[in-house]
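Hydrogens, waters and symmetry mates are skipped; everything else that's a heavy atom, side chains included, is used.
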Amino acid sequence: MATVNDILAVKGRRLITISPEATLFDAAVLMTDHKIASLLVLDDGQLVGILAERDFLINAVTEQRDPHTTSVGEVMTRDVICCRPHTELEEAKSVMKHRRVRHLPVMDDDGGVVGLISIGDLNAYHVDFQERTIYLLQEYIYGTR
């Protein structure tokens, strides 16, 4: 069975993080520059939250907060749902669906963040797996060319 580690092996473990003291403007620039939809919020190397597009909309824009003076820590999601590298992909997908989250930080056994997966990563992995399966079945049925 495929695990989160299989996605991280392809995607990589590069993390884009921000401090809870940074401004929303800084976060928006960082997210735009890296073309990502969420940032892990770390304080002294420890995960303290996640800032996603939804946090911007619900906790900042609709409340008309100034992005230059509002800190990430004021609007981030503090109750972060995480997974482990050995978590099976179906379990990760189920957690995302039922908890209505699009990103899961990946934690090691010592509580350190070792990666981040998104629902897009899960979908891409499944599509790639299906494409490889179709190719192999076609090769089996029709033989090699």
Those residues at least two apart in sequence (or on a different chain) that pass ring-ring contact (aromatic ring centres under 6.0 Å, His included) with Phe25 are His68

What one should report as the nearest heavy-atom pair of Leu51 and Ala27 is CD2-CB, 3.5 Å

Heavy-atom nearest pair, Tyr125 first then Ala2, reads OH-CB, 3.5 Å

Note to self: Using the rule given for side-chain contact (heavy atoms from CB on, under 4.5 Å), can you reason through Val4 versus Leu89, listing the C-alpha separation, both sets of side-chain angles and the distance that settles it, and then say yes or no?
What the structure shows: CA-CA 6 Å; Val4 167; Leu89 295 186; 4.2 Å; yes

If two hydrophobic side chains count as joined below 4.5 Å and joins carry through other members, does Met31 share a cluster with Val75? yes

Hits for salt bridge (charged side-chain N to carboxylate O under 4.0 Å, His left out) against Glu131, two or more places apart or cross-chain, chain-then-number order -> none

Do Met107 and Leu116 share a hydrophobic cluster (ILVMFWY, side-chain heavy atoms under 4.5 Å, transitive)? yes

Nearest heavy-atom contact between Leu40 and Pro105 is CD2-CG, 3.6 Å

Residue pairs passing the side-chain hydrogen bond (donor to acceptor under 3.5 Å, both in side chains) test with at least one member in residues 19-28, sequence neighbours excluded, are Ser19-Glu21, Thr23-Asp26

task = Indicate if Val10 and Ile7 have the same hydrophobic cluster label, given that clusters are the connected sets of ILVMFWY residues with side-chain heavy-atom separations under 4.5 angstrom.
result = no

Same cluster or not: Val72 versus Leu47, using hydrophobic residues (I, L, V, M, F, W, Y) connected whenever any side-chain heavy atoms lie under 4.5 Å apart?
no

- Begin with the C-alpha distance, continue with both residues' side-chain angles, and end with the deciding distance and a verdict on side-chain contact (heavy atoms from CB on, under 4.5 Å) for Met96 and Ile117. CA-CA 10 Å; Met96 287 180 170; Ile117 63 167; 4.1 Å; yes

Step-by-step side-chain contact (heavy atoms from CB on, under 4.5 Å) determination, Val41 to Thr17: CA-CA 6 Å; Val41 185; Thr17 66; over 6 Å; no

In short, side-chain hydrogen bond (donor to acceptor under 3.5 Å, both in side chains) pairs touching residues 30-47 with sequence neighbours left out are Arg14-His34

- Task: Please answer: with hydrophobic residues joined when any side-chain heavy atoms are less than 4.5 Å apart, are Ile36 and Ile119 in the same cluster?
- Result: no

The reported gap from CG in Asp128 to OG1 in Thr133 (rounded to nearest 0.5 angstrom) is 9.0 Å

Distance col, row Leu39:CG vs Leu15:CG, nearest 0.5 angstrom, shows 11.0 Å

Interatomic distance, CZ@Arg65 vs CD@Glu63, rounded to 0.5 Å, equals 4.5 Å

| message | Measuring only between side-chain heavy atoms, which start at C-beta, is Arg13 closer than 4.5 Å to Asn5? | response | yes

In terms of heavy-atom contacts, Val106 and Pro85 come closest through CG1-N, 3.5 Å

Minimal heavy-atom distance between Val48 and Pro20, with the atoms involved, is CG2-CG, 4.3 Å

So side-chain hydrogen bond (donor to acceptor under 3.5 Å, both in side chains) across residues 50-59, not counting sequence neighbours, yields Asp55-Thr77

To the nearest 0.5 Å, atom OG1 of Thr62 lies from atom CZ of Phe56 at 12.5 Å

TODO: Could you go through the side-chain contact (heavy atoms from CB on, under 4.5 Å) check for Arg84 and Thr87 one step at a time?
DONE: CA-CA 5 Å; Arg84 302 262 186 218; Thr87 302; 3.8 Å; yes

Does Asp121 reach the main-chain N or O of Ser118 with its side chain, forming a donor-acceptor pair under 3.5 Å? yes

Contacts satisfying side-chain hydrogen bond (donor to acceptor under 3.5 Å, both in side chains) that involve residues 92-115 (not counting sequence neighbours) are Ser94-His98

In this structure, CG of Leu122 is separated from CG of Leu104 (nearest 0.5 Å) by 7.5 Å

